[in-house]
Structure formats: structure tokens, C-alpha cells
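Take a look at the structure below.
As the structure is a computational prediction, the values presented were derived from the model and not from experiment. Sequence lines set the chain letters: A, B, ... in the order given, protein chains first and strands last, and positions in each chain run from 1.
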Number of protein chains: 2
Amino acid sequence: MADQRLYHKVANQILELIDSGVFPPGSRLPGERDLAEKFGVSRVSVREAEIALQAQGRLEIKVGSGAYVLDGSDMPLNGLPKVGPFELTEARALFEAESAALAAPIITDETIAELENYIAIMSGKVESELSPDEADAAFHNTIARSTNNHAIMFVIDSMWKMRTEAAQLQRVYKNVCDKDSSHREDEHQAILNALINRDSSAARRAMRAHFTRMIEALLEASEEEAYQEVKRKASESRSRFLLTKQLS
Amino acid sequence: MADQRLYHKVANQILELIDSGVFPPGSRLPGERDLAEKFGVSRVSVREAEIALQAQGRLEIKVGSGAYVLDGSDMPLNGLPKVGPFELTEARALFEAESAALAAPIITDETIAELENYIAIMSGKVESELSPDEADAAFHNTIARSTNNHAIMFVIDSMWKMRTEAAQLQRVYKNVCDKDSSHREDEHQAILNALINRDSSAARRAMRAHFTRMIEALLEASEEEAYQEVKRKASESRSRFLLTKQLS
DNA sequence: ATTCTTAATTGACTATACCAATTTAGCAAG
DNA sequence: CTTGCTAAATTGGTATAGTCAATTAAGAAT
């Protein structure tokens with residue numbers, strides 16, 4: 001532990017100050033010169049520490065202004081895998097179902113009201129600064145959050161970010177996402193109803209059904225438009241997913 | 001684009017050299033002094049560039065040796081949340097169970113042989129360059145890999161990395177992990193048997209049981225040693241986990 | 001109160017120097 | 001010829017000190 005570089009130690013000290021609330025997200029860090037004196041190190045080490053933190057998406061350094069603490073929500077999260085739409089949807093079907101099942105028994109009325117709001121936004125019945133897509137993200141993330149389990153929140157959030165990247169790259173996925181707005185509302189409502197009833201098992205089923213239909217839609221889309229890659233992956237996995245579906 | 005920092009430009013130049021194959025993964029970069037001269041910048045700028053790339057997991061800098069290009073496979077993945085041992089185990093119970101259930105119908109005999117080998121390594125019956133802990137990681141990662149789903153592989157791998165970080169920080173977790181070696185072998189064998197039978201449902205159950213016992217062990221440990229934080233989180237979530245367990 | 005100018009602050013970059021870890025070269029012993 | 005050790009060269013790590021440019025804050029002029 002003693003063989004780590006100085007700038008690494010400094011970075012950790014800064015991180016502690018951030019996490020302990022001394023420097024909340026959005027706030028500005030003291031200047032490099034101040035921090036150098038405070039930590040008893042050279043300015044170079046502070047600089048290197050801040051550069052490393054910036055590379056990790058924890059800070060944003062503005063020339064002539066200062067280093068600002070970034071909110072954890074917009075952390076880019078390095079190293080997400082490139083993942084095809086089918087396998088991603090499959091993974092979400094499994095994991096988000098468990099997320100919903102775990103959330104069901106302990107979800108609060110406030111959170112349920114929040115979810116209702118997101119559904120309204122998605123259907124366009126309520127105007128908001130959130131886009132329908134962002135409301136969709138918020139819907140799933142909020143369920144994950146109500147599990148009170150940070151690992152689950154991380155996983156659900158990561159998969160949404162993969163979806164965003166995948167949607168940028170692949171037309172099929174985007175088309176399907178756009179086209180399924182009609183089904184989406186009903187399915188989200190079904191999930192919500194299960195949560196309102198605090199029915200863990202129903203929540204799992206509803207969430208699985210939500211993504212299962214998305215997979216079907218992807219399959220159709222991949223047949224219409226000859227996206228070989230998607231088609232191959234889809235047919236290869238179809239049987240086993242439909243198999244495991246029955247086992248829940 | 002012209003207002004980016006120098007070290008950022010240098011980092012991009014280095015990245016280009018890496019991606020173009022001039023410096024393949026595993027190779028060593030020229031020294032900071034050489035690169036500084038080559039790029040026509042100061043050594044500090046090269047240093048800052050390499051530190052940023054290291055923070056992004058593209059390089060590994062070894063003191064007195066040099067900066068080495070990292071393979072994409074062992075990128076450390078930044079931005080992992082700090083997660084308590086209980087919630088992490090809970091998440092793994094849910095997600096790894098689904099991973100195993102999905103893998104069961106399509107796992108190959110080769111992969112099963114691989115898993116057998118990892119179990120043998122963990123029990124010490126076979127000597128290997130892998131530590132028991134690394135074999136444990138390989139066991140779970142291999143199951144995830146056999147799902148053929150990159151999103152699932154990512155999630156399982158991420159959670160193992162969280163575990164590693166958590167174990168460094170929290171004694172309880174580490175103690176439990178060390179003590180459960182005895183149960184571990186039987187449970188892993190049970191999982192493997194389910195996979196051999198291609199029994200999706202049994203694989204799910206076995207995997208859940210594996211982590212459920214770990215949670216019980218954590219609960220005991222947190223009572224013995226008065227780790228308030230763990231204790232609180234555990235008791236708060238215990239009921240709902242045991243609840244959802246029955247619903248599978 | 002508003003705008004403009006100016007001074008102070010802050011990050012960006014360079015140059016130089018020294019230290020410690022690592023590697024390499026060379027030499028000695030077997 | 002191989003092995004093992006030592007010393008020198010290489011390499012990253014840190015510090016100090018200074019210059020420059022972007023930004024901000026303070027003050028003056030309107």
C-alpha cells in the first residue's frame with residue numbers, strides 16, 4: 001500500500017473530501033497551489049492527481065477557473081463493452097426483472113407516484129424537460145434505486161448506457177425503440193401495477209414480458225431489414241431465452 | 001478543437017500509435033524523455049498524457065520500467081460504485097443465478113471441464129498459477145461467458161471487481177470469504193452438477209443457494225464483530241431477500 | 001446600475017534537477 | 001559456458017521555480 005504513487009494518494013485524498021461532502025458535486029476545488037500546500041506536496045502532484053480524476057470523469061478542469069466536482073450521474077463510465085441489441089435486451093430482461101422483484105416489497109408510495117409521472121411523460125400527457133427516452137431511463141433507474149442496492153443500481157444504469165451507445169450505432173435498435181412506444185405504455189403500466197400491489201412475482205413477470213416483447217420486435221425488425229449480424233445473434237439465442245422464460 | 005490541452009493532444013497521439021499497431025498491447029512505450037522530444041513537448045506533458053491514459057485503463061505505468069500498453073480485456077473499468085458486502089452479495093445472488101440459468105442449456109462439455117478444473121484449484125487438489133480466489137473469479141466468469149452474452153459477462157465481471165475493492169476495505173467481507181472455503185466447494189459442485197444436467201432451473205437454485213449462504217455468513221459475522229454499518233444494511237434487507245428467495 | 005478597464009487568480013506548460021526503482025551490462029566465481 | 005553478483009545506465013516519480021494565457025473579480029468611469 002505504501003508503494004503507490006504520490007499523485008495517486010493525493011487523488012484519493014481529494015476523492016475522500018468529495019465523498020465526505022466537503023466538496024459536493026458542482027462545487028469548485030481549491031486551486032492547485034492551495035491544495036499543494038494543504039497536502040504538503042508539489043503542485044505537479046496535485047495536477048497529476050486532478051488530471052487522473054478528470055480522466056476518470058470525476059472532475060472537470062477549466063482553464064483559468066478551477067477544477068469542479070462532477071455529479072456522479074453524468075459520469076461517462078469507461079470501459080463499457082460493445083454489445084448487440086439482442087444480447088443487451090436479453091440481459092435486461094433477466095436483470096431488470098430481478099430488480100423489479102426485489103423492489104416490489106419495499107417500494108414507497110412516493111416512488112410509485114414518481115413512476116406514474118414518468119409514464120405520463122413518456123405518453124406525452126405531461127410536459128417536462130425530460131424527453132420520453134429520458135423518462136424511460138428514469139423509470140427503470142428509479143425501480144433499481146428503490147431496491148436500495150447500489151450494485152443493482154449500477155448494473156441497471158450501466159445497461160442503459162450500453163443501450164444508448166448501441167442505439168447510436170445500430171439503426172435496427174433505434175427503429176424498434178421508436179416504434180414500440182405504443183406497447184411501452186401498457187407494459188410500463190403493468191409493471192407499475194405489480195409494484196403497487198407489492199407483488200414481487202408479478203413485477204418480475206411484467207418486467208420480463210416487457211423485454212420479451214422487445215426481443216420479438218427486434219427479431220421481426222432483423223428479418224425485415226437484413227441486418228445479418230443481429231439476425232445471426234438473435235436466432236442463435238432465441239431458443240434458449242424462450243426456454244428460460246418458461247422456467248421463471 | 002484547438003483549445004484542448006497539450007497533454008490531451010499528446011494522449012491522442014499516443015492512442016493513435018497504439019491503435020495503428022505501432023505499439024501493440026503488451027508492448028512498452030518509449031521513455032517519457034524520448035516521447036517528449038519526439039512530440040516536441042516537455043516531459044511533464046507526456047507524463048500527464050500517460051497518467052490520463054492510465055486512469056482510463058489504457059496504459060500501465062511501472063516505475064523504473066516503463067509504460068505498457070494494456071490489452072482491452074484487462075481494462076480496470078472506472079467508476080465502480082462503493083458497495084457494501086451485503087448488497088453486493090444480494091445482487092450477485094440474483095444476477096449470477098440468472099447467468100447460470102441462461103448458461104445451462106447451451107454450455108459445452110469443454111467449458112464444463114474448465115469449471116471442474118477451477119473447482120479443483122480452489123480445493124487445492126490441483127496446483128496452478130491461479131490463486132484460489134482467482135479460480136473462484138474464473139469459475140463465475142466462465143459461466144457468464146458461456147451465456148454468450150457480453151452484457152451479462154460485463155455485469156458479472158463488474159460485480160467481482162466490486163467485491164475485490166470491497167474486500168480490501170472491509171474486514172468482515174474478507175473474513176467471511178476466507179472462512180467459507182469449506183462450503184464453497186460443495187456449492188460450486190452443486191452448481192456444476194446442475195450445469196452438467198443442463199438443468200436451467202436447478203442451476204438457478206444452486207447459484208442462489210451459494211450466495212444465500214454467504215449472506216447468512218455475513219449476517220453472523222456482522223453480529224459477532226460489531227460492524228454497525230454492515231449490520232444495519234443487513235437487517236434492513238434481510239426480510240425482503242428471504243422473501244424473494246421463495247418466489248423463484 | 002452598467003460597462004469598461006485593470007489587477008489578481010488560476011490553470012497550462014516549460015526547464016532543470018534529484019531521487020528511487022528497475023533494468024541492463026559487465027565482471028567474477030563456479 | 002553458465003550462474004550469480006555488482007555497478008552503471010535507464011526510467012518513472014517528485015520538487016522547485018518561473019513564464020504564459022485564460023478567467024475572474026474588483027474598481028473606476030459612465
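Of the candidates C:dT10, D:dG12, D:dT23, the closest approach to any side-chain atom of A:Val63 belongs to D:dT23. Checking C:dT10, C:dC13, C:dT23 against the side-chain heavy atoms of B:Ser65 singles out C:dT23 as nearest.
Checking the phosphate oxygens (OP1, OP2) of C:dT14, a side-chain nitrogen or oxygen of B:Ser45 falls inside 4.0 Å. When the side-chain nitrogen and oxygen atoms of B:Ser42 are compared with OP1 and OP2 of C:dT14, one or more of them lie within a distance under 4.0 Å. The phosphate of C:dT10 has OP1 or OP2 within less than 4.0 Å of a side-chain N or O from A:Arg28. In this structure, B:Arg47 reaches the D:dG13 phosphate: one of its side-chain N or O atoms is under 4.0 Å from OP1 or OP2.
Note: CZ (A:Phe39) to P (D:dT14) measures 15 Å, nearest angstrom. The distance from atom CG of B:Leu35 to atom C1' of D:dG12 is 12 Å, rounded to the nearest whole Å. Atom C1' of nucleotide C:dG11 and atom CG of B:Leu6 are separated by 13 Å, given to the nearest angstrom. Between A:Glu32 atom CD and D:dA17 atom P the separation is 17 Å, expressed in whole Å. If you take CZ of A:Arg5 and P of D:dA15, they are 14 Å apart, rounded to a whole angstrom. Atom CD1 of B:Ile51 is separated from atom C1' of D:dT14 by 11 Å (rounded to the nearest Å). A:Asp34 places its CG atom 13 Å from the C1' atom of C:dA8, with the value rounded to the nearest Å. Counting to the nearest Å, the P atom of D:dT24 and the OH atom of A:Tyr68 are 6 Å from each other.
Put simply, CE on B:Met153 and OG on B:Ser146 are 8.5 Å apart, with the number rounded to the nearest 0.5 Å. For the atom pair CD of B:Gln54 and NZ of B:Lys62, the computed distance is 11.5 Å after rounding to the nearest 0.5 Å.
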Inset, instruction - Carefully, step by step, assess B:Phe139 and B:His210 under the rule ring pair (Phe, Tyr, Trp, His ring centres under 6.0 Å). - result: CA-CA 13 Å; B:Phe139 182 84; B:His210 178 37; 7.8 Å; no
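Within the 4.5 Å cutoff, no side-chain heavy atoms of B:Glu87 are placed close to those of A:Thr147.
Remark: the A:Arg43 side chain and the C:dA12 base include a donor-acceptor N/O pair separated by less than 3.5 Å.
Looking at A:Thr89 and A:Arg92, their side chains never bring a donor and an acceptor atom within 3.5 Å of each other.
Residues A:Gly64 and B:Gly31 both approach DNA chain D. Their nearest nucleotides, taken by heavy-atom distance, put B:Gly31 toward the 5′ side.
If you check every strand for non-hydrogen atoms under 4.0 Å, A:Val44 touches a base.
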